[in-house]
Amino acid sequence: MQTTTATPPREAADRIRPLRIPLTAGVLVLLVACALSLMVGSNGTASPGQVVQALTGHADPQLTAAVQSLRLPRTVLALLIGAGLAVAGALIQGVTRNPIVEPSIIGVNAGAALAVALVTYTLGATAFSLGGISLMPFVAFAGAAAAAGLVFVIVAGVDMTPGRVALAGVTVALLANALVMSVVVLNDNAVQFLLRYLVGGVDGASWAGVRTLLPYSIIGLGCAFLLAKSVTVLSLGDDIARGLGLPVERVRLQALALVVVLAGAAVAVAGPIAMVGLLVPHMARWSVGTSYLRVFGFSIVYGGALLVTADVVSRIVVPSTEVPVGVLTAVLGTPYFIYLARRGRGVV
């Protein structure tokens with residue numbers, strides 16, 4: 001992927017920002033969240049010592065099975081999904097210069113969910129695989145790409161203001177969600193699966209889900225870092241980026257492809273989890289400035305910490321049951337979205 005050798009003014013200014021405090025705080029929160037995720041279950045809490053014994057196979061068989069087969073893959077999956085959605089949000093905000101967009105707002109999550117729901121309706125929840133490899137991520141990629149493409153077709157030929165992109169995304173998301181509900185109504189055999197899936201959550205996590213998501217996360221996040229300098233330049237504006245020799249449309253298309261990979265894979269495994277991609281990039285930019293090489297790195301840490309923490313809270317907020325983590329992230333993100341929309345000038 002092409003980058004530019006010129007040093008953007010913002011990136012040069014960001015170099016003087018100290019990283020030690022935000023990095024230490026982010027890593028600390030992430031480690032504490034992961035430890036709590038291994039300790040806390042919906043039916044009880046283990047001590048740190050018991051968790052260590054369970055991880056080494058020296059604890060009670062029931063606790064060992066719970067930690068190794070349920071809580072550990074759930075923690076890893078939440079970390080990967082949080083990191084992927086956060087970087088996807090940072091990418092789409094950077095290349096559109098739009099602070100109020102994220103994969104769910106521009107319809108990517110809804111498009112991916114619609115594709116998965118349609119395949120579930122026609123082939124069943126677990127039937128779509130080849131040689132033991134799940135093909136659901138590819139289905140989700142196709143749905144996410146179609147939704148994102150439709151959004152940009154709608155706003156093509158007019159100024160890509162934050163309000164126009166958000167409104168086009170909401171329109172596509174509403175259409176996709178209406179079609180998904182139609183699939184749910186028509187498919188009596190998979191109603192429970194689809195309803196749970198559409199809320200978004202990691203409560204059904206397994207090592208199979210981790211293995212499905214991991215390669216796409218590695219590829220998507222790695223390519224995002226390769227594109228980081230170009231995204232930083234593009235975030236300054238199209239005219240400045242072209243003046244510095246950046247192929248603007250190519251970079252924007254590459255970034256959109258990465259958003260589709262990162263968000264589509266997450267939706268395929270855990271359902272549409274909203275607002276992570278809205279909240280975390282703002283936290284990262286506030287901490288480290290507007291150099292997207294730093295923003296992507298801190299988005300991985302903050303995004304993982306946010307979703308793992310939300311998952312822990314989802315296990316204990318209602319006694320004897322679990323609230324889907326997608327509900328909690330929506331509750332957290334919606335007020336902040338309203339704040340951004342009311343604060344920003346020229347949003348619509």
Side-chain angles (χ1 to χ4, degrees), residues 42 74 77-78 81 84-85 88 102-129 134-151 154 167-206 208-209 212-213 259-260 262-278 307 310-311 314-315 317-318 321-334 337:
S42 57
R74 183 170 179 167
L77 197 66
I81 291 171
L85 291 176
E102 63 124 10
S104 67
I105 292 173
I106 65 167
V108 169
N109 286 4
L114 174 59
V116 172
L118 287 172
V119 169
T120 301
Y121 173 67
T122 55
L123 299 177
T126 60
F128 202 57
S129 62
S134 174
L135 298 181
M136 276 301 186
F138 297 100
V139 173
F141 296 158
L150 183 56
V151 168
I154 292 173
L167 288 173
V170 169
T171 301
V172 172
L174 287 172
L175 174 62
N177 286 330
L179 294 174
V180 168
M181 289 299 103
S182 300
V183 173
V184 172
V185 171
L186 292 172
N187 192 359
D188 293 337
N189 295 328
V191 167
Q192 290 301 319
F193 167 79
L194 287 173
L195 287 178
R196 190 70 177 179
Y197 167 79
L198 292 172
V199 176
V202 293
D203 48 307
S206 66
T212 297
L213 181 62
V259 171
V260 167
L262 291 168
V267 172
V269 172
I273 297 175
M275 296 299 176
V276 175
L278 175 71
L307 199 59
D311 182 46
S314 74
R315 306 177 204 178
V317 67
V318 177
T321 189
E322 293 189 17
V323 176
V325 71
V327 173
L328 288 182
T329 58
V331 169
L332 284 172
T334 300
F337 176 80

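The line from CD1 of I154 to OG1 of T171 is 6.0 Å long, rounded to the nearest 0.5 Å. To the nearest 0.5 Å, atom CE of residue M275 and atom CD1 of residue I105 are 5.0 Å apart.
Remark: A178 pairs with no residue by the side-chain contact (heavy atoms from CB on, under 4.5 Å) rule, at least two apart or across chains. Partners of V317 according to the side-chain contact (heavy atoms from CB on, under 4.5 Å) rule, which considers only residues two or more places apart in sequence or in another chain, are V313, V323. Under the rule for a side-chain contact (heavy atoms from CB on, under 4.5 Å), the partners of A147 that lie at least two apart in sequence or sit in another chain are V172. In this structure, V185 has no side-chain contact (heavy atoms from CB on, under 4.5 Å) partners at least two apart in sequence or on a different chain.
Judged by distance alone, the side chain of S314 and the main-chain N or O of P324 form no donor-acceptor pair under 3.5 Å. Of the possible donor and acceptor atoms, none in the side chain of T334 sits under 3.5 Å from a partner among the backbone N and O of V331.
Shortest non-hydrogen contact noted between P137 and A268 is CA-CB, 3.7 Å. Across all their heavy atoms, A144 and V260 have their closest contact at CB-CG1, 4.0 Å. Across all their heavy atoms, L77 and A205 have their closest contact at CD2-CB, 3.6 Å.
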If you look only at distance, which donor and acceptor atoms sit under 3.5 Å apart when one is on a side chain in residues 194-203 and the other is two or more places apart or in another chain?
from : atom 1 : to   : atom 2 : distance (Å)
R196 : NE     : D203 : OD2    : 3.2
R196 : NH2    : D203 : OD2    : 2.9
Y197 : OH     : V267 : O      : 2.8

Identify all side-chain donor-acceptor contacts of residues 107-119 below 3.5 Å with residues at least two apart in sequence or on another chain.
from : atom 1 : to   : atom 2 : distance (Å)
N109 : ND2    : I273 : O      : 3.4

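No side-chain heavy atom of L307 sits under 4.5 Å from any side-chain heavy atom of D311.
Paired with I81 under the rule side-chain contact (heavy atoms from CB on, under 4.5 Å), one option of L213, L262, V276 passes, and it is L213.
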